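Below, chains carry the letters A, B, ... as their sequence lines are ordered, and counting in each starts from 1. Since this is a predicted model, take the numbers as computed values, not measurements.
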Protein chains: 2
Amino acid sequence: MIPEDELLKLENQLCFAFYACSREITKLYRPILSKLGLTYTQYITLLALWEKDGIGVKELGARLYLDSGTLTPLLKKLESQGLLTRTRSKADERNVIIELTDEGRALKTRAAEVPAQLYSGAGLRQEELEPLRAQLQSLLRKVDEAVES
Amino acid sequence: MIPEDELLKLENQLCFAFYACSREITKLYRPILSKLGLTYTQYITLLALWEKDGIGVKELGARLYLDSGTLTPLLKKLESQGLLTRTRSKADERNVIIELTDEGRALKTRAAEVPAQLYSGAGLRQEELEPLRAQLQSLLRKVDEAVES
DNA sequence: ATAAATTAGATTTTATACAATTTAATTTGA
DNA sequence: TCAAATTAAATTGTATAAAATCTAATTTAT
């Protein structure tokens with residue numbers, strides 16, 4: 001049990017550890033991704049699309065935990081860079097289907113180097129951090145459940 | 001060792017687990033903090049100041065891993081809410097000293113309820129997550145080192 | 001069949017984030 | 001000692017984030 005006076009200390013907050021870690025990790029990616037002309041959010045959006053494209057903004061947002069207010073301008077930006085196309089679905093015109101272009105697919109080859117560069121640059125070992133990643137995924141599911149309810 | 005085709009999968013990225021967790025946790029705080037009239041970033045800024053105020057923007061930013069471009073408008077906002085004052089230091093006029101007002105200090109009492117509300121609302125136990133928090137702190141130090149270098 | 005409800009995206013507003021530049025003040029070194 | 005270097009904030013520009021609202025399209029329930 002954490003005593004009263006320790007309760008609000010910054011370093012005792014799990015939320016702050018996440019918040020600060022997330023931003024510092026993003027900083028680590030910045031110089032690596034800038035060589036590909038991508039920001040961090042654009043990168044994870046492409047990670048999702050390399051796994052599965054031809055989907056609507058809604059499904060993409062669900063996988064990234066991002067909503068249309070964030071994705072619409074970001075996808076327009078990637079479209080203007082020629083990495084993907086945005087097309088209204090004929091079956092249901094409310095849907096905008098996101099599809100990678102050849103150029104967008106080709107970028108995956110160059111991106112394949114990113115994880116190794118990231119880990120070695122920070123002196124980290126991916127294998128060692130695998131249990132942590134699994135733990136975070138499970139916490140993410142739990143928190144997401146609480147947010148949705 | 002993660003095989004080639006698994007390398008770029010979204011769910012295998014530690015960075016994405018951090019990124020998504022951080023944003024989902026922030027969402028969990030939103031309804032609780034809105035009762036205090038605070039955003040999440042304002043809340044952690046106050047956590048830092050409740051521990052130690054009378055400091056400059058630089059030192060505050062170092063503790064929060066935030067720079068002046070983020071803090072200046074945020075601190076002006078909290079100043080306009082009457083929670084703190086921003087005063088040029090007489091010893092060195094380049095420094096803007098941040099000091100809590102009585103109202104700012106008083107808010108700490110109401111904020112003392114926040115962590116418990118957060119954890120119980122999400123069905124989490126603070127004690128159980130303590131080892132995770134410690135692990136993140138240590139990773140944060142390591143990543144920060146790599147970012148600085 | 002058609003009004004009501006729902007759904008998908010886009011837009012608007014507010015609030016972060018951070019790099020890069022600018023301004024003002026202080027410190028340092030020849 | 002005083003020009004050069006350094007430092008602290010503020011400002012500017014670009015890119016997220018997310019709530020709230022809006023528009024258009026589709027579904028549904030009667």
Rounded distance (Å) that lies between atom P of C/dT16 and atom OH of B/Tyr29: 16 Å
A/Asp144 with A/Arg141: basic N within carboxylate O range, under 4.0 Å: no
Do B/Ser22 side-chain atoms and B/Phe18 backbone N/O form a donor-acceptor pair below 3.5 Å? no
Quick note, salt bridge (charged side-chain N to carboxylate O under 4.0 Å, His left out) partners involving residues 107-122 of chain B, not counting sequence neighbours, are none
What is the separation between atom CG on B/Leu33 and atom P on C/dT14, rounded to the nearest whole Å? 20 Å
Would you indicate whether A/Glu145, at its atom CD, is surrounded by more than 12 heavy atoms from other residues, nucleotides or ligands within a distance under 6.0 Å? no
Nearest-Å distance, NZ (A/Lys77) to C1' (D/dA15)? 8 Å
Under 3.5 Å, side chain of A/Asn95 to main-chain N/O of A/Gly56, donor-acceptor pair present? no
What's the CG-P distance between B/Leu74 and C/dT14, to the nearest Å? 16 Å
Short side-chain N/O contact from B/Thr72 to OP1 or OP2 of D/dA10, under 4.0 Å: yes
Can you pull out the residues from residues 81-96 of chain A that lie within a 4.0 Å heavy-atom distance of DNA chain D? A/Ala91, A/Asp92, A/Glu93, A/Arg94
Think B/Thr39 has a side-chain N or O under 4.0 angstrom from the OP1 or OP2 of C/dT16? yes
Residues from residues 41-62 of chain B sitting under 4.0 Å of DNA chain C, heavy atoms only? B/Thr41, B/Gln42
Check nucleotides 18-22 of chain D against the protein and report each pair of N or O atoms closer than 3.5 Å, with its distance, or say if there are none.
from   : atom 1 : to      : atom 2 : distance (Å)
D/dA18 : OP2    : B/Arg23 : NH1    : 3.3

I'd like to check B/Leu8 versus A/Leu46 (side-chain heavy atoms, cut-off strictly below 4.5 Å). Are they in contact? no
Expressed as a whole number of angstroms, how long is the span from A/Ile98:CD1 to C/dA10:C1'? 13 Å
Please list all pairs passing the ring-ring contact (aromatic ring centres under 6.0 Å, His included) test where one or both residues lie in residues 21-57 of chain B, with sequence neighbours left out. A/Tyr19-B/Tyr40, B/Tyr29-B/Tyr40, B/Tyr29-B/Tyr43
Roughly, in whole Å, what's the span from CG in A/Leu75 to C1' in D/dA15? 14 Å
When the distance from NZ of B/Lys76 to C1' of D/dA10 is rounded to whole Å, what number comes out? 7 Å
Strictly below 4.0 Å, N to O, side chains only: are B/Glu24 and B/Lys27 in salt-bridge contact? yes
Any pair with a residue in residues 54-76 of chain A that passes salt bridge (charged side-chain N to carboxylate O under 4.0 Å, His left out), sequence neighbours left out, goes on the list, sorted by first then second residue, please. A/Lys52-A/Glu59
Evaluate side-chain contact (heavy atoms from CB on, under 4.5 Å) for A/Leu66 paired with B/Arg23, printing each intermediate quantity in order. CA-CA 9 Å; A/Leu66 290 172; B/Arg23 281 183 297 113; 3.1 Å; yes
Between atom CD in A/Glu79 and atom C1' in C/dA10, what is the gap in whole Å? 14 Å
